[in-house]
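Everything below concerns the one structure shown next.
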Amino acid sequence: MAQEVKTRFAPSPTGYLHIGGARTALFSWLYARHTRGKFVLRIEDTDIRRSTKEASQQILDAMKWLGLAWDEGPFYQSERMEIYLSYINKLLDEGKAYWCECTPDILEGKRKKAIKEGRKPKYDGTCRDKGLGPGPGRVVRFATPKTGITFFDDIIKGRIATDNDELDDLIILRSDGIPTYNLTVVVDDATMGITHIIRGDDHVNNTPRQILIYDALGVTPPVFAHVPMILGSDKTRLSKRHGATSVMAYKDMGYLPEAMVNYLVRLSWSHGDQEIFSINELIDLFDLKDVGKSAAVFNPEKLLWLNHHYIKQGDIVRLSKLAIPFIKAQGYDATNMAYIQKVVTDIRERAKTLIDMIDFGDFYFKEIDINGIPKDIKDKFLHPDMIPAFKSLIDEFDAIDTSDRKQVEDAFRRVLKSCNIKLKAIAQPVRLALTGKLVSPGIFEIISTLGKNKVVSRLKNAITYMEENS
RNA sequence: GGUCCCAUCGUCUAGUGGUUUAGGACAUCGGCCUCUCACGCCGAAAACAGGGGUUCGACUCCCCUUGGGACUACCA
């Protein structure tokens, strides 16, 4: 039996979970689920200056929101220092790493000089053979082989080979005693038994050095799969200036997690012409071999479309629950679930986000202020001619169960007939009276959802206005 | 600068040498539906970066050019 697949997502808690990280996490999670393997979450917080507890928590929250449950972890690298140190000592003992006393200032100077003279700005190996021991301000460097070629077969990119001469002796232990990324990832992935490293292709260049460390440690490297970057609309690396990049910002903007997942998975991955995927379908269909090689541009419009899609066909009860925080945020009452469900049913076709919903459907929750409507609109639609029809409407509604749309519609037809007026002529006036605007769901839906009391009182207010302005 | 990666409509992509007048989706623009707006339906416009090869035949294979991206830290 083949070895069980184990993937991991290893974010650095220096900020929120962004779109790119989320997509990488999604691919790792999907691959683990697809292969019935394990998915590990590891927080890479060895950069103590930039890592924060808050960021870690935000990343965890975002993972949960997206539904990416991990099987192991979260592990924190900051709690595994002894492990790294023991491996560094092993490397030191075996002569595969060495102490270096070069100061950052000197190094920086050499780097600048090298660039100026057109040479590679890599470490010149000053301390490589000095046989130094530990000391203040000293770091440990990995002794990279000077010759040879390091290659790996990336599942997505194919074989990538690098001349070892291009690599320099990277620092694996800082002068403050904290190990660096290239050492910790290798130790962790090796000791945690990761079989497939799925990460952004900004790590491609790091891979050869990491493979060399695996070699030095006597461990067989896992399989690598470098997924293409996600770019902004100008094809540069996605950043804040391209709009929201935080996953949770989309939650706050009223996006559904399934829309985000469905959108992200289609960036550099596809399954024929299919656009809509449920989670179970994804688990069933996702494979790294179907991931493309080229970078994708983040397109908020398509995300919006998917969000609308899921709002249109989602479960009403669930959507209603998700809408509650947004209703409350506007200061509206959100206690009547049956009512909210009717509202959601009315407006889902025309709201692309949960925020849109409440914004578009505000009249379901607040009273209409006729005074707030622009005069030209009132003059046009709340014309005294409408008074008789409005009055008969009220009479008709009084006599029926307005929660029944069919009865509402029949009542409306009767009024149209008795007043000899076309629906087209009265629809906008009624809409304006009921909603305060000219764009809304169908008036029959609105009436049955709003309920007799609100409908009658709003119609009466409109009549009052029309009478006062006749 | 060096190293590495990438290249089909504006965008996400299908396409793995001939079945292609290059398909789908988002966005855009028309039309239908209609109580407004949406939804839905129908339709339009829109791409193989350029140049060399290989081949009977290239979007598909190779090379070069161009363009873009990543890395080049005591960040991850």
Side-chain angles (χ1 to χ4, degrees), chain A residues 10-14 44-47 49-51 77 100 102-104 107-108 111 114-122 137-141 154 156-158 160-163 165-168 170-182 184-185 199-208 226 228-229 231 233-237 263 266-276 292-306 308 312 347-352 360 381 412 416 422-432 435 437-444 446:
Chain A
S12 148
T14 53
E44 309 216 323
D45 55 354
T46 53
D47 183 347
R49 254 191 304 279
R50 299 195 302 147
S51 298
Q77 291 192 322
C100 167
C102 297
T103 65
L107 258 18
E108 188 53 34
R111 232 192 314 274
I115 292 171
K116 202 175 169 187
E117 295 170 2
R119 292 180 289 116
K120 297 184 212 301
K122 65 176 211 177
R138 289 182 183 174
V139 301
V140 174
R141 284 182 185 274
D154 192 280
I156 295 169
K157 307 267 184 188
I160 295 175
T162 306
D163 199 320
D165 185 46
E166 293 295 332
L167 280 15
D168 63 357
L170 59 278
I171 291 171
I172 55 176
L173 184 70
R174 297 182 179 90
S175 56
D176 62 3
I178 294 172
T180 60
Y181 167 73
N182 279 298
T184 59
V185 256
R199 59 180 14 167
D201 73 6
D202 48 336
H203 284 287
V204 168
N205 289 302
N206 282 323
T207 307
H226 287 98
M229 301 272 87
L231 275 20
S233 50
D234 58 358
K235 303 225 175 188
T236 62
R237 198 189 185 116
Y263 177 70
R266 284 287 287 96
L267 258 24
S268 291
W269 177 83
S270 63
H271 179 72
D273 284 339
Q274 190 170 343
E275 295 287 352
I276 306 295
K293 294 179 174 184
S294 45
V297 172
F298 180 70
N299 180 245
E301 294 291 327
K302 190 163 180 183
L303 206 206
L304 233 205
W305 170 73
L306 277 163
H308 192 197
K312 277 184 293 182
I347 57 185
R348 69 202 307 207
E349 297 276 296
R350 17 209 143 206
K352 296 188 177 186
F360 183 79
F381 296 107
F412 232 96
L416 294 182
K422 289 265 192 282
L423 176 60
K424 213 175 181 70
I426 197 176
Q428 286 299 70
V430 169
R431 169 170 289 111
L432 190 60
T435 71
K437 36 184 144 184
L438 297 175
V439 172
S440 81
I443 49 179
F444 304 139
I446 294 174

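Just so it is clear: chains get the letters A, B, ... in the order the sequence lines come, proteins before strands, and each one is counted from 1. Please read all numbers here as calculations on a predicted model, not as lab measurements.
Comparing G24(B), A76(B), C4(B) against the side chain of Thr180(A) picks out A76(B) as the nearest. Of the candidates C26(B), C35(B), A76(B), A76(B) carries the atom nearest the Arg174(A) side chain, counting heavy atoms from C-beta on. Looking at the side chain of Ala296(A), the nearest of the listed nucleotides U13(B), C75(B), A76(B) is U13(B). The side chain of Met229(A) lies closest to G69(B), out of U13(B), C37(B), G69(B). Distances were taken from every side-chain heavy atom of Glu301(A) (C-beta onward) to each of A76(B), A27(B), C37(B); the shortest belongs to A27(B). Of the candidate nucleotides G24(B), U13(B), U36(B), G24(B) has the atom lying nearest to any side-chain atom of Asp273(A). Nearest nucleotide to the side chain of Glu44(A), out of C37(B), U3(B), A76(B): A76(B). In the set A27(B), U11(B), C71(B), the nucleotide with an atom closest to the side chain of Asp202(A) is C71(B). Here the nucleotide nearest the side chain of Lys424(A), chosen from U36(B), C26(B), C74(B), is U36(B). Across U13(B), A38(B), A76(B), the shortest atom-to-atom separation from the side chain of Arg350(A) is found for A38(B).
In this structure, the CG atom of Leu167(A) is 12 Å from the P atom of A73(B), given to the nearest Å. Atom pair Asp165(A):CG and U3(B):C1' shows a separation of 11 Å (rounding to whole Å applied). The distance between atom CG of Asp163(A) and atom P of C4(B), rounded to the nearest whole Å, is 9 Å. The distance from atom CG of Leu306(A) to atom C1' of U13(B) is 13 Å, rounded to the nearest whole Å. Across the protein-nucleic acid pair, His308(A) atom NE2 and A25(B) atom P stand 18 Å apart, rounded to whole Å. Taking atom NZ of residue Lys302(A) and atom P of nucleotide C26(B), one finds them 8 Å apart after rounding to whole Å. Between the NE2 atom of His203(A) and the C1' atom of A73(B) there is a distance of 14 Å, rounded to whole Å. When rounded to the nearest whole Å, the span between CD of Glu349(A) and P of C41(B) equals 11 Å.
Counting non-hydrogen atoms under 4.0 angstrom, Arg237(A) reaches the backbone sugars and phosphates but no base. No contact: Thr14(A) has no heavy atom under 4.0 Å from any strand. Within the nucleic acid shown, Leu267(A) comes within 4.0 Å of sugar-phosphate atoms alone, with no base atom in reach, counting heavy atoms only. At a threshold of 4.0 angstrom between heavy atoms, the contacts of Thr46(A) are confined to the sugar-phosphate backbone, with no base atom among them. Among the heavy atoms of the strands, none lies under 4.0 Å from His226(A). When heavy atoms are screened at a 4.0 angstrom cut-off, Ser294(A) is found touching the sugar-phosphate backbone but no base atom. Across all strands, Phe444(A) comes closer than 4.0 Å to base atoms (heavy-atom distances). Among the protein residues, Asn206(A) comes within range of the nucleic acid bases, having at least one heavy atom under 4.0 Å from a base atom. Residue Lys312(A) is classed as a sugar-phosphate contact, given heavy-atom separations below 4.0 Å to backbone atoms only. Looking at heavy-atom distances under 4.0 Å, Val297(A) makes contact with sugar-phosphate atoms alone, never a base. At the heavy-atom level, Glu275(A) lies under 4.0 Å from base atoms of the strands shown. Nucleic acid contact class of Arg111(A) (heavy atoms, under 4.0 Å, all strands): sugar-phosphate only. Residue contacts for Cys102(A): at a heavy-atom cut-off of 4.0 Å it reaches a base atom on one of the strands shown. In this structure, Pro208(A) reaches neither bases nor backbone, as no heavy-atom distance under 4.0 Å exists between it and the strands shown.
Taking atom C1' on both A76(B) and A14(B), the two are 35 Å apart, rounded to the nearest angstrom. Taking the C1' atoms as reference points, A7(B) lies 8 Å from A49(B), given to the whole Å. Distance noted for atom P between C33(B) and A38(B): 16 Å (whole Å). Rounded to whole Å, the C1' atom of C75(B) lies 39 Å from the corresponding atom of U16(B). Between A27(B) and U13(B), the distance separating the two C1' atoms is 15 Å to the nearest Å. Distance check on atom P: G15(B) versus U54(B) gives 28 Å, rounded to whole Å. Comparing the P positions of C63(B) and G24(B) gives an interatomic distance of 33 Å, to the nearest angstrom. A gap of 14 Å separates the C1' atoms of C9(B) and A44(B), to the nearest Å.
For Arg237(A) and Asp202(A), the salt-bridge test passes: some basic side-chain N is under 4.0 Å from an acidic carboxylate O.
Across all strands shown, G18(B) is found opposite C56(B) as a Watson-Crick or G-U wobble partner, with both distances under 3.5 Å. With a cut-off of 3.5 Å on both Watson-Crick or G-U wobble distances, the partner of G43(B) is given as C29(B). Across all strands shown, G67(B) forms a Watson-Crick or G-U wobble pair with C6(B), both key distances being under 3.5 Å. Across all strands shown, A76(B) remains unpaired; no Watson-Crick or G-U wobble contact has both distances below 3.5 Å.
A sub-4.0 Å separation between OP1 or OP2 of U3(B) and a side-chain N or O of Lys122(A) is absent. Note on Ser270(A): a side-chain N or O is less than 4.0 Å away from OP1 or OP2 of A14(B). Considering only side-chain N and O atoms, Lys293(A) lies under 4.0 angstrom from the phosphate OP1 or OP2 of C6(B). In this model, the phosphate group of A73(B) is not approached by any side-chain N or O of Arg49(A) to a distance below 4.0 Å at OP1 or OP2.
Ring geometry, Phe298(A) versus Tyr263(A): the interplanar angle exceeds 60°, so the pair is classed perpendicular (tilted spans 30 to 60°).
Judged by distance alone, the side chain of Thr14(A) and the main-chain N or O of Arg50(A) form no donor-acceptor pair under 3.5 Å. Side chain of His226(A) to backbone of Arg199(A): no donor-acceptor contact under 3.5 angstrom is found. Within the 3.5 Å criterion, the main-chain N or O of Pro228(A) finds no donor-acceptor partner in the side chain of Lys157(A). Under a 3.5 Å cut-off, the side chain of Ser268(A) and the backbone N or O of Ser294(A) do form a donor-acceptor pair. Of the possible polar contacts, none joining the Asp45(A) side chain to the Pro13(A) backbone as a donor-acceptor pair under 3.5 Å is found. Without hydrogens or angle criteria, Arg266(A) side chain to Trp269(A) main chain gives a donor-acceptor distance under 3.5 Å.
Taking 3.5 Å as the limit, the base of C35(B) and the side chain of Arg431(A) contain a donor-acceptor pair of atoms between them. In this model, a side-chain donor or acceptor of Ser175(A) finds a partner on the base of C74(B) within 3.5 Å.
When each of Asp201(A) and His271(A) is assigned the nucleotide of RNA chain B with its nearest heavy atom, His271(A) is the one assigned upstream, toward the 5' end. Looking at which nucleotide of RNA chain B each of Phe360(A) and Pro11(A) is closest to, the 5′-most match is held by Phe360(A).
Heavy atoms only, all atoms of each residue included: Ile156(A) and Gly292(A) are closest at CG2-O, 3.5 Å. Residues Asp47(A) and Arg174(A) approach most closely at CA-NH2, 4.3 Å, considering heavy atoms.
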